Engineer: 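Handing you a structure now.
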Amino acid sequence: MIDDNKVIDTLEELESFLRLVDGGGLGLTNAAGVALATNNSDGRPFIAVLDDNHQLLLGRWVTQEVFENGKDLVRSGPKKLN
């Protein structure tokens, strides 16, 4: 599912990650959305980048604090840069 141990541990890092996804900076094709989720086997939270068939393209671990406090950021998207 998630091949690396990178962890997003602040809301600022989550916002930067969302900007990368939105801007195509990660080289993902067919990215249609993002969601916060938990791993079924151990309950560990992560952010999922999904394609239009709701299949996981990329996942990145997040801390419990980011999982709990980043829901609005994921729902509404990152703030626009001026």
Side-chain angles (χ1 to χ4, degrees):
M1 174 196 283
I2 300 174
D3 294 336
D4 60 40
N5 287 322
K6 294 179 184 175
V7 178
I8 296 172
D9 59 4
T10 67
L11 293 177
E12 292 78 16
E13 288 178 20
L14 178 61
E15 187 169 9
S16 293
F17 179 78
L18 293 172
R19 282 190 208 290
L20 280 173
V21 171
D22 285 347
L26 297 173
L28 302 173
T29 57
N30 206 22
V34 293
L36 286 169
T38 55
N39 184 312
N40 288 339
S41 65
D42 62 9
R44 191 172 175 190
F46 67 99
I47 180 114
V49 181
L50 307 170
D51 68 11
D52 53 2
N53 292 317
H54 305 285
Q55 298 297 309
L56 181 67
L57 295 174
L58 176 69
R60 186 77 38 94
W61 299 116
V62 300
T63 62
Q64 190 65 39
E65 180 181 338
V66 169
F67 180 77
E68 292 170 6
N69 298 310
K71 293 174 184 174
D72 286 336
L73 181 58
V74 170
R75 188 177 303 118
S76 62
K79 299 173 196 155
K80 302 292 183 205
L81 293 175
N82 294 334

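This one's a predicted model, so the numbers in the text were calculated from it and none came from an experiment. For the single chain, residues carry numbers from 1 onward in sequence order.
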Engineer: With sequence neighbours left out, what residues match E13 under side chain to side chain contact (heavy atoms under 4.5 Å, CB included)?
Structural biologist: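 In terms of side chain to side chain contact (heavy atoms under 4.5 Å, CB included), with neighbours along the sequence ignored, E13 is linked to I8, D9, T10.
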Engineer: CD/Q64 to OG1/T38 distance, rounded to the nearest 0.5 angstrom?
Structural biologist: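 Q64 atom CD to T38 atom OG1 measures 9.0 Å (nearest 0.5 Å).
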Engineer: Check whether N39 reaches the backbone of S41 with its side chain - one donor and one acceptor, N or O, closer than 3.5 Å.
Structural biologist: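 Flag set: sc N39 to bb S41 pair under 3.5 Å.
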Engineer: Is a salt bridge present between R19 and D22, judged by a nitrogen-to-oxygen distance below 4.0 Å?
Structural biologist: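 Salt bridge: no.
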Engineer: In Å, rounded to the nearest 0.5 Å, how long is the span from CG of L14 to NZ of K71?
Structural biologist: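 So the gap between those two atoms works out to 12.5 Å.
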Engineer: How long is the span from the CZ atom in R60 to the CG atom in L20, to the nearest 0.5 Å?
Structural biologist: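 Between atom CZ of R60 and atom CG of L20 there are 8.5 Å.
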Engineer: Does a side-chain heavy-atom distance below 4.5 Å link V66 with I47?
Structural biologist: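 No, their side chains stay 4.5 Å or more apart.
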Engineer: Would a 4.5 Å heavy-atom cut-off, applied to side chains only, mark R44 and V7 as touching?
Structural biologist: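 In short, these two side chains touch, coming nearer than 4.5 Å.
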Engineer: For the atom pair CG (L57) and CG (L28), what is the distance rounded to the nearest 0.5 Å?
Structural biologist: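 Answer for the CG-CG pair, L57 versus L28, is 6.0 Å.
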Engineer: Please examine the side chains of L58 and F17, heavy atoms only from C-beta on, and report whether any two atoms are closer than 4.5 Å.
Structural biologist: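 The answer is yes, as the side chains (C-beta and beyond) meet within the 4.5 Å cut-off.
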Engineer: Kindly compute the distance separating CG (N30) from CD (Q55), expressed to the nearest 0.5 Å.
Structural biologist: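 Here the interatomic distance stands at 11.0 Å.
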Engineer: Counting N and O atoms only, with roles assigned by atom type, does the side chain of E15 sit under 3.5 Å from a partner on the main chain of K79, one being a donor and the other an acceptor?
Structural biologist: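 Checking the backbone N and O of K79 against the side chain of E15, a donor-acceptor pair under 3.5 Å is found.
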Engineer: Measure across A32 and D51 and return the closest heavy-atom pair with its distance rounded to 0.1 Å.
Structural biologist: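 Nearest pair, atom of A32 first, then D51: CB-C, 3.6 Å.
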